[in-house]
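Numbering of ligands and ligand atoms starts at 1, following listing order.
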Amino acid sequence: MANQEDHFKAVISHAKEYGYVFPSSEIYDGLSAVYDYGPLGCELKNNLKQYWWKSMVQLNENIVGIDAAIFMHPKTWKASGHTDAFNDPLIDNKDSKKRYRADVLVEEWVAKIEGKINKEVQKATKRFGDDFDEAQFRATNPRVLRNQEKIDEANKQFKSAMNAEDLEAVRQLIIDLDIADPVSGSRNWTEVRQFNLMFSTEMGSTADGAQTIYLRPETAQGIFVNFLNVQKTARVKVPFGIAQIGKAFRNEIVARQFIFRMREFEQMEMQFFVRPGEEMKWYEHWKEARMQWHLSLGLPKEKYRFHDHLKMAHYANAAADIEFEFPFGMKELEGIHSRTDFDLKQHQALSGKKLQYFDPEINENYVPYVVETSIGLDRLFLAVLSTALETETLEDGSSRVVMKIPAFLAPYKVAVLPLTKKDGLPDKAREIMDGLKLQYNCQYDEKDAIGKRYRRQDAIGTPFALTVDHQTLEDDTVTIRERDSMEQERIKIEELAGRIAQKLQHTF
Ligand code: ATP
């Protein structure tokens, strides 16, 4: 594959060309960090949502779903801490006039040093071959140790500066680490400032005394304020979970990575309510369960890793990210947080309403602790798309662009292609498609030579193409071609549905 930057550019232009993702309001030159999903994009997105929902809600008797409103009472955000503390530290470069998140600059510096360590490890792996003991090498090689020490020290200083809200110390760290503007190379930095990420708007007319309200920056709070409504109506007992898929909005400072960091995005969150004192057990449980879920999608295992948080959010007593290797590096895809009883207690305090659960097993009333799993649907979409897109060189020296999206997630499952537009082949093809389309999203295509049509289906990721030819009219067989292997096989029409179902079968 070409280098990662080129690959990322190819993903973005492919996404646009084939109707996966468009810039928002493109005819007006777009709106920064806001995107629209096209015909194929919304199919893939829906399939991802459905897979998550089924694995969370349908497969777990003790998890139920809700769909809360985007607008919430403004006190919600006071209680959750977002009004006062949902800030990112920002810093500007005086020469390039570009704005950065100070924490991201430090993170990228750490990633660069980690890259150096990994290079040492790779070199040694080559040198020592089968005898190589990576753990021992990492623990003893002086260059690796020196770099690791630098990373640990930078992380420590950053954490303590942020915890102390000492923004001058954050700036000093950026200077001490000799971090330059990635665009201009300049080290001419402004001071660091805090910036609140919530979007606000007005509700009601000014004559009524309009109220400032916020677009929710996370879906979680809609779950917390409904905790008792759900617990009582669904008759669930602790431990239980509430799942939700919905839009969230953040006025991100730096939004340059396509759908990785958007100002309007979609979250799939699940808040799991547990007995106080049992949260660490459940935190470990969900960390593991969520990683297994990711692996079940079928993307390469080595693209995932856990990353424990350095800078814990104000509500958490343990937090980890599941990171994914995007074309621009290992970045957060999902967060698993032990949120303690912070949110429910805060809502209790500000609303004056009890948010407690009576646990019949131990005869006690308590405010449950919460373990959260929170994944960005758009990031998941990007993970799938950027991994799936490949340019392959074929045996005859030609190349093909193919989207190897896991078959069960593909927007279209089947393409139905009459070999020619004559001799009743289109009618036969439509008849076959009618037999399949209730179950599978199918696409009919009769334009251009068959080879060209195969390429078009490869490029949008359709796992199966059925070709209807003259023999079909004689013996009711079609050719089924598989996207990844490009193998073709003749099978009876009556066996098609069973064959496709078998190939699409997917277990969690
Ligand atoms: P980051 O550190 O990358 O800003 P975060 O730690 O603020 O992310 P959380 O508040 O934990 O993110 O949100 C949960 C999930 O929502 C993230 O793991 C991510 O997948 C997704 N997410 C957060 N912000 C965005 C965004 N601006 N665009 C797209 N997805 C996002």
(request) With Asp321 as reference, evaluate Arg305, His309, His307 under the side-chain hydrogen bond (donor to acceptor under 3.5 Å, both in side chains) test and give the passing residue. (result) His309

How far is [atom] from its nearest protein heavy atom, and which residue and atom is that?
atom	result
atom 4 (O) of ligand 1	Arg261 NH1, 2.8 Å
atom 22 (N) of ligand 1	Phe265 CE1, 3.5 Å
atom 2 (O) of ligand 1	Glu332 OE1, 3.6 Å
atom 19 (C) of ligand 1	Arg379 NH1, 3.5 Å
atom 16 (O) of ligand 1	Gln267 NE2, 3.4 Å
atom 29 (C) of ligand 1	Phe260 O, 3.2 Å

[X] neighbourhood, listing ligand 1 atoms whose heavy-atom distance to it stays under 4.0 Å:
X	answer
Gly335	18 (O)
Ser374	13 (O), 14 (C), 15 (C), 18 (O)
Glu252	24 (N), 26 (C), 27 (N)
His337	11 (O)
Arg250	5 (P), 7 (O), 9 (P), 10 (O), 12 (O), 13 (O), 23 (C), 24 (N)

Does [X] come within less than 4.0 angstrom of ligand 1, counting non-hydrogen atoms of the residue?
X	value
Asp378	no
Glu334	yes
Glu264	no

(message) Which residue is it: Thr387, Leu380, Ile405? I am looking for the one with a side chain to side chain contact (heavy atoms under 4.5 Å, CB included) to Leu299.
(response)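 Exactly one option meets the side chain to side chain contact (heavy atoms under 4.5 Å, CB included) with Leu299, and it is Thr387.
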
(message) If the threshold is 4.0 Å, N to carboxylate O, is there a salt bridge linking Glu108 and Lys112?
(response) no

(request) Output yes when Asp343 and Arg339 qualify as a salt bridge under the 4.0 Å nitrogen-oxygen rule, no when they do not. (result)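 Arg339 and Asp343: salt-bridged.
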
(request) Determine the interplanar angle of the Trp282 and Phe272 rings, folded into 0 to 90°, and report it as parallel if under 30°, tilted if 30 to 60°, perpendicular if over 60°. (result) tilted

(message) For Phe258 and Phe8, take the angle between the two ring planes, folded into 0 to 90°, and tell me which bin it lands in: parallel under 30, tilted 30 to 60, perpendicular over 60.
(response)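 Rings of Phe258 and Phe8: perpendicular, over 60°.
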
Return yes or no for this condition: an N or O of [X] is under 3.5 Å from an N or O of ligand 1.
X	answer
Met262	yes
Gly376	yes
Leu333	yes

(message) More than 12 heavy atoms of other residues, nucleotides or ligands under 6.0 Å from CZ of Phe195: yes or no?
(response)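 Buried by this count: over 12 neighbours within 6.0 Å.
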
(request) Tell me whether the guanidinium CZ or amine NZ of Lys45 lies under 6.0 angstrom from the six-membered ring centre of Phe381 and within 45° of its axis. (result)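 Geometry flag: not set, cation outside 6.0 Å or 45°.
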
(message) Below a 4.0 angstrom heavy-atom separation, can you tell me which part of Arg101, side chain or backbone, both or neither, approaches ligand 1?
(response) side chain

(request) Check whether any side-chain heavy atom of Phe273 sits under 4.5 Å from a side-chain heavy atom of Phe227, and report yes or no. (result)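 They are in contact (side-chain heavy atoms under 4.5 Å apart), so the answer is yes.
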
(message) For the CD atom of Gln346 and the OG atom of Ser351, what is their distance to the nearest 0.5 Å?
(response)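 If we round to the nearest 0.5 Å, Gln346:CD and Ser351:OG are 10.5 Å apart.
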
(request) Determine, step by step, whether Gln271 and Phe224 satisfy the side chain to side chain contact (heavy atoms under 4.5 Å, CB included) criterion, reporting the C-alpha distance in whole Å, the side-chain angles of both residues, the deciding distance to 0.1 Å, and the verdict. (result) CA-CA 8 Å; Gln271 311 293 331; Phe224 295 133; 3.3 Å; yes

